[in-house]
Amino acid sequence: MDLRIYNTLSGGKEPFVPLEPGRVRMYVCGVTVYDYCHIGHARANIVFDIVFRHLKYLGYDVTYVRNYTDVDDKIINRANERGISSKQLSEEFIKAFDEDMATLGLLKPTHEPKATEYIGEIVGLTEKLVDKGYAYAAQGDVYYAVEKFGPYLKLSKRNMEEMQAGARIAPGEQKRNPMDFALWKAAKPGEPSWDSPWGPGRPGWHIECSAMSSSLLGDTFDIHGGGRDLIFPHHENEIAQSEGASGKSFVKYWMHNGFVNINQEKMSKSLGNFFTIREILERFDPEVIRFFILSAHYRSPIDFSDQNLDEAKVGLSRFYEALKAADVTLREHPVEEGGTCPQISDSEREAFDCIEALEDRFTEAMNDDFNTAAAIGHLFDGVRSLNRLVGEGRFDTCSLSLRVIQDGAALLRKLGGVLGLFGSEPEQWLAGQKQAGLAGSELSAEDIEGLIEERRLARAQRDFARADQIRDELAGKGVILLDSAEGTTWKLK
RNA sequence: GGCCCCGUCGCCAAGUGGUAAGGCAGAGGUCUGCAAAACCUCCAUCACCAGUUCGAAUCUGGUCGGGGCCUCCA
């Protein structure tokens, strides 16, 4: 099955046919850099990270552009509050953004342009819109005359009359129509500004994305993404600017990700439930955050809560436990060339088949509008098959099993890679989780090891009462003991 | 007020016309000194009502409940 993408413009899933065979050009609205990123930014960027990864996995040559908007009212205001320049402020938060995205395991886009590096293109685009009659200058400002662009509101599916009912012209604005929006703003004292045919000024909000996307991807490109909240006005205005200027269709597929709620409430600063990525990372592993976000479809709302994050951690651990068990098995039983199996049991047959079908099932799910939730569900089936083969362990008579374990583990890593998951060394990751879990408790790893040794001696003397007492004591502190033929290990509940 | 989305097992979450993936939790079993982990088995007819259809969680209408956008926002 081929890739299908839900297109906001048409309101349905459409077969994905790139403008140029084998090549995909995509643009995703990045951030306005005036503050630390919150968990909603994390979701948007992770979602488009896997879109990028999956397109590459399908074999496309992908050009991925994600911008920084580094000139804007909010940046100016925040910089003034702190008594630093807009440039200093934006550089600080570009750095923070880069750090956050790297921690979350995001691939670098092909290009990460900054609005301030495209002022020339922005001015050029604005002039073109004025020349074509889509825009007008007024006292140093330039506004887009929305009624001149026929298809306006085609993306957000609203109508002008109703929108106008609520629209107001703010004091100081020179708009002819309340719905018009600024392409260029005349400089006020203390604001960063650039020369232009209309005098010194700076870009309005939406124009930078039109300028950067056409510069780097051309007038028409395949995919444009961002959060739902950008549909109106940001993306609507981008369409008006880009299509007005070029006279060509702007974007073929519009993709928008859903919101993040916090404990069933809308995430908002006024409710005080706004979490930055940095705050979340203090308590949760970055891969757990990614796993959590990808466990729901990108267009659905997700509820960010400790319970849901804890569940994601348990789920991710299951993958790493299985990968670790497979690694250990393969270490102890080297795989021979051309595995054989004189008698394959039904149970083994089933596991073999599952692993064989895994990649197709995974790809099918991902091809259905990037259904990561379904894809992860299939991966869990792979885990069960792997665990079954590892657990049945008749490797002396069935070396084929070992081959399948090897292939299955490699496949899990490969497909996980499409989601940006399972890239760590299982033993290391699991150990890291244990260490992090222990951080807040009064127990140390040494304490636990000591008690395990004491219990081992008790068990050797068949003093099970004492052995169980130690185990219960540790269990009371959240430490679970796992006995095996090779000895006792522990994990956190 | 206008536009739009959602309501699937205790919880999370796929499925958008052919008789409900997966994970967590739970029950039973194998294993174990006993456990844990792992594996095996079991566990929902899809908010409600009325329609369309041979057939609907999936389509239509309505009811109830929740949410979003319309100003900055991923």
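All chains are named by letter (A, B, ...) in the order of the sequence lines, taking the proteins before the strands, and each is independently numbered beginning at 1.
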I want to verify a distance call: between [options], whose nearest atom is closest to the [X] side chain?
X	options	result
A467(A)	G33(B), G15(B), G23(B)	G33(B)
V31(A)	A74(B), A38(B), G33(B)	A74(B)
F259(A)	A74(B), A35(B), A14(B)	A74(B)
H38(A)	A13(B), C73(B), C40(B)	C73(B)
H297(A)	A74(B), A37(B), A14(B)	A14(B)
A373(A)	C11(B), A36(B), A13(B)	A13(B)
H41(A)	G22(B), A74(B), C70(B)	A74(B)
R462(A)	G23(B), G33(B), G22(B)	G33(B)
Q307(A)	A14(B), C11(B), A35(B)	C11(B)
R158(A)	G2(B), A14(B), G33(B)	G2(B)

When rounded to the nearest Å, what value does the distance between [atom1] atoms of [N] and [M] take?
N	M	atom1	answer
A38(B)	U19(B)	P	32 Å
U63(B)	C72(B)	P	34 Å
C59(B)	G15(B)	P	13 Å
C24(B)	C43(B)	C1'	14 Å
U58(B)	G17(B)	C1'	6 Å
C9(B)	A20(B)	P	15 Å
U45(B)	G18(B)	C1'	14 Å
G62(B)	C69(B)	P	25 Å

Whether the side chain of [X] engages the backbone of [Y] through a donor-acceptor N/O pair (distance < 3.5 Å, no angle test) should be reported.
X	Y	value
E236(A)	S156(A)	yes
R202(A)	T116(A)	no
R290(A)	L419(A)	yes
D369(A)	Y6(A)	yes
R278(A)	A96(A)	yes
Y320(A)	S424(A)	yes

On the side chain of [X], is there an atom forming a donor-acceptor pair with the base of [N] - under 3.5 Å, no angle test?
X	N	value
N308(A)	C24(B)	no
R43(A)	A74(B)	no
D229(A)	G68(B)	no
R228(A)	C5(B)	no
R318(A)	G23(B)	no

When you measure from the side-chain N and O atoms of [X] to the phosphate of [N], is any distance below 4.0 Å, counting only OP1 and OP2?
X	N	value
S484(A)	U32(B)	no
R361(A)	A21(B)	no
N371(A)	G15(B)	yes
R384(A)	G23(B)	yes
R388(A)	C40(B)	yes

Item to check | Atom CD of E359(A): over 12 foreign heavy atoms under 6.0 Å | outcome: yes
How is [X] classified with respect to the nucleic acid when contacts are heavy atoms under 4.0 Å: base, sugar-phosphate, or nothing?
X	result
D381(A)	sugar-phosphate
G226(A)	sugar-phosphate
G227(A)	sugar-phosphate

Checklist entry - If we call it a pair only when both distances are under 3.5 Å in a Watson-Crick or G-U wobble match, what pairs with A38(B)? => result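 Paired with U30(B).
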